[in-house]
**Student:** 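Shown below is the structure under consideration.
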Amino acid sequence: MGKLHDKLAQQIPGLREKVHSIIKEHGSTVISEVTVSQAFGGMRGVKGLVCDTSVVEPDQGLIIRGIPIGQLTQKLPEEIFYLLLTGALPDAQELASLQGDLRQRAAVPSYVWDVLKALPSDSHPMAMFSTAILAMERDSVFRRRYTEGLHKEEYWEAALDDSLTLLARLPQIAAGIYRMHAHKGNPLPSNPNLDWGGDYASMLHLEDPDGEFKNYIRLYLTLHCDHEGGNVSAFTCHTVGSALSDPFYAVSAGMNGLAGPLHGLANQEGLHFVLEIHKKYKGVPTDAQLSEYIRERLEDGRVIPGYGHAVLRVTDPRFTAFHEFGLRVCPDDEIFRIVDQLFRVTPEILKEHAKIKDPWPNVDAGSGALLYLFGLKEFGYYTVLFGVSRALGMCAQLVLNRALGTAITRPKSVSTPWIMQAISSSAKNVGRRMSCWKQSFTCQHSKEAGGNSSGNRPRVTASSWTTRKETRDPDQSSLHFWRLAAAPLSTSSRSCARCGNGSAATKSSSALTSAQNLPAFLPESTLNTGCTARSPHRPPKKRFIFLKQSTAPSEQ
Ligand code: NMX
Ligand code: MLT
């Protein structure tokens with residue numbers, strides 16, 4: 001398996017040791033919490049998965065092994081595969097070794113074509129693609145070796161073996177699917193003198209007088225390669241692979257997720273949307289017409305394809321790379337001009353909808369328009385291109401997970417009644433804790449306020465909590481209250497925020513928290529403690545000071 005195998009064999013023992021020691025020494029460190037909204041809302045933002053091939057920063061987008069994707073646009077996709085796996089770009093020899101290995105494995109078995117031909121002719125290209133990958137499972141080295149008794153430490157080698165075979169065959173399979181889908185004849189043979197992406201472009205067999213189509217396909221395959229571990233296709237692939245299903249099963253499953261319109265199919269939807277606009281306005285509309293069109297679509301309860309993202313909060317740098325390519329190659333083309341115009345007009349409209357967290361274009365907003373311009377007009381096919389590229393990331397993640405012995409994926413699900421029970425216990429617990437807590441404090445200002453029947457320092461009254469609590473939803477009432485009550489308080493000055501009494505023995509919120517075992521979920525910033533006692537000459541304020549009874553001045 002060449003130099004890539006050797007490099008990984010060198011790196012993996014160190015990686016294993018690092019991960020084992022992190023788990024051993026810091027296994028109980030909390031890195032995330034889960035709210036009810038997240039449990040119902042696609043686990044958005046929950047950190048419960050590790051992926052080292054790439055990260056997606058909300059304000060920067062895709063970063064592969066520390067390198068922003070915008071700096072990798074000139075690299076070949078197979079170089080990116082090497083980078084995803086090893087953390088470094090290959091040198092010339094390493095690249096040649098990988099390309100040689102891929103070439104040797106590129107022949108597609110004839111049974112794959114038989115399976116594809118047996119499918120109904122109107123099958124979606126993504127269904128064909130996923131089926132072809134699944135059919136090749138019979139060739140899995142991982143499954144064969146596992147059945148023979150493969151040692152755990154060698155899982156990754158078998159996964160790499162399968163991954164290389166799978167990736168080597170994908171361009172010809174994908175190009176063959178295109179030709180079948182577009183009724184353009186039999187699949188064409190692979191050209192061993194071309195790189196992985198160039199060969200794919202060449203087998204698609206479209207006009208390419210100046211080589212820009214090949215460049216575009218290489219760019220396309222580089223930009224879509226990976227998007228950390230939580231996107232639908234990568235996560236599905238990861239989950240299936242975690243059961244030690246081999247890479248053919250796992251990648252095929254990932255492709256089925258990619259085929260959804262909220263994920264990879266959005267590139268097909270995006271072009272469809274642009275063509276609809278072009279048809280309706282018989283060319284490029286005015287900005288006002290386009291705005292109206294977008295608003296109508298939103299009012300019809302339909303998404304604007306190619307816009308929004310679960311993680312990103314800026315223009316996707318992958319969109320920027322496609323946009324720059326279009327500006328260079330076809331700035332005056334009407335389809336491209338609509339893509340460009342959508343980029344100017346759409347975000348401002350989406351920003352009017354507070355619920356839409358990311359109004360900016362994602363990778364799918366412009367990629368299809370350029371394919372269309374190069375003559376690849378069957379947009380039902382576009383997600384297959386995405387899939388060929390995303391297989392790089394899926395395979396890299398699988399190999400590393402098998403190397404690190406990542407456990408079978410099995411989060412705990414809960415039922416809706418369980419959630420309702422948790423909400424009500426949480427409200428009761430908070431009430432109980434608050435009540436314990438308020439017993440432990442007394443108010444400095446009670447003296448000036450005249451006190452209550454039991455003395456000069458009345459305890460904080462329950463009503464001061466409940467008046468506010470009643471106005472809040474039951475699960476988070478206290479938290480809201482405390483947030484309301486929070487006000488900057490210099491605990492170091494040890495003086496009261498209302499009367500400025502320097503002798504007030506105010507404790508820092510963290511000291512109070514630990515001393516009184518306060519609700520652990522209250523962020524320290526919300527514990528700027530305060531007094532709820534009313535002074536006759538001062539209306540109650542949002543800013544209060546609590547004093548611990550045992551340290552109140554009168555008891556010192
Ligand atoms: N057009 C209309 N509504 C949108 C859009 C959009 N482009 N983006 C988000 N929203 C809505 C979303 O449907 C949700 O509505 P509701 O509460 O009624 O269900 C609300 O805004 C909140 O969604 P967000 O939290 O902003 O986004 P979320 O993380 O749930 O979903 C996407 C992310 C990507 C699924 C969503 O932005 C979307 O549907 N975009 C259009 C489809 C698309 O371009 N997908 C491609 C993603 C990239 N990829 O290649 O996979
Ligand atoms: C992707 O490339 O996978 C998409 O941008 C979706 C995602 O990251 O969730």
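Numbering of ligands and ligand atoms starts at 1, following listing order. Here the structure is a predicted model, which means the values were calculated and not measured.
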**Student:** Within a 6.0 Å radius of atom CD on Glu352, are there more than 12 heavy atoms belonging to other residues, nucleotides or ligands?
**Tutor:**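 More than 12 heavy atoms, drawn from other residues, nucleotides or ligands, come within 6.0 Å of this atom.
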**Student:** Evaluating non-hydrogen atoms only, which member of Arg390, Glu228, Arg44 is closest to atom 3 (O) of ligand 2?
**Tutor:**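 Nearest heavy atom to atom 3 (O) of ligand 2 lies in Arg390.
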**Student:** Can you confirm whether something in the protein, heavy atoms only, sits under 4.0 Å from atom 32 (C) of ligand 1?
**Tutor:** no
**Student:** Are any non-hydrogen protein atoms located under 4.0 Å from atom 14 (C) of ligand 1?
**Tutor:** no
**Student:** Between His227 and His263, is the gap from one ring center to the other below 6.0 Å?
**Tutor:** no
**Student:** Quiz question: by atom type and distance under 3.5 Å, do the side chains of Thr35 and Gln38 form a donor-acceptor pair?
**Tutor:**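 Result is yes, a qualifying pair exists.
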**Student:** Between His323 and Phe336, does the ring centre distance come in under 6.0 Å?
**Tutor:** yes
**Student:** Under 4.0 Å from a heavy atom of His309: give me the atoms of ligand 2 that qualify, with their elements.
**Tutor:** 4 (C), 5 (O), 6 (C), 7 (C), 8 (O), 9 (O)
**Student:** Give the atom numbers and elements of ligand 1 that come within less than 4.0 Å of a heavy atom of Arg44.
**Tutor:**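 Numbered from 1, ligand 1 contributes 28 (P), 29 (O), 30 (O).
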**Student:** Report yes or no: is the cationic atom of Arg390 (NZ for Lys, CZ for Arg) closer than 6.0 Å to the six-membered ring centre of Phe386, at no more than 45° off its axis?
**Tutor:** no
**Student:** Which is it for His224 and ligand 2 at heavy atoms under 4.0 Å: side chain, backbone, both or neither?
**Tutor:** neither
**Student:** Please could you name the atoms of ligand 1 that Asp364 approaches to less than 4.0 Å, counting only its heavy atoms?
**Tutor:**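 This gives 46 (C), 48 (C), 49 (N), 50 (O) as the contact atoms.
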**Student:** Mark whether atom 29 (O) of ligand 1 lies under 4.0 angstrom from at least one protein heavy atom.
**Tutor:**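 True for atom 29 (O) of ligand 1.
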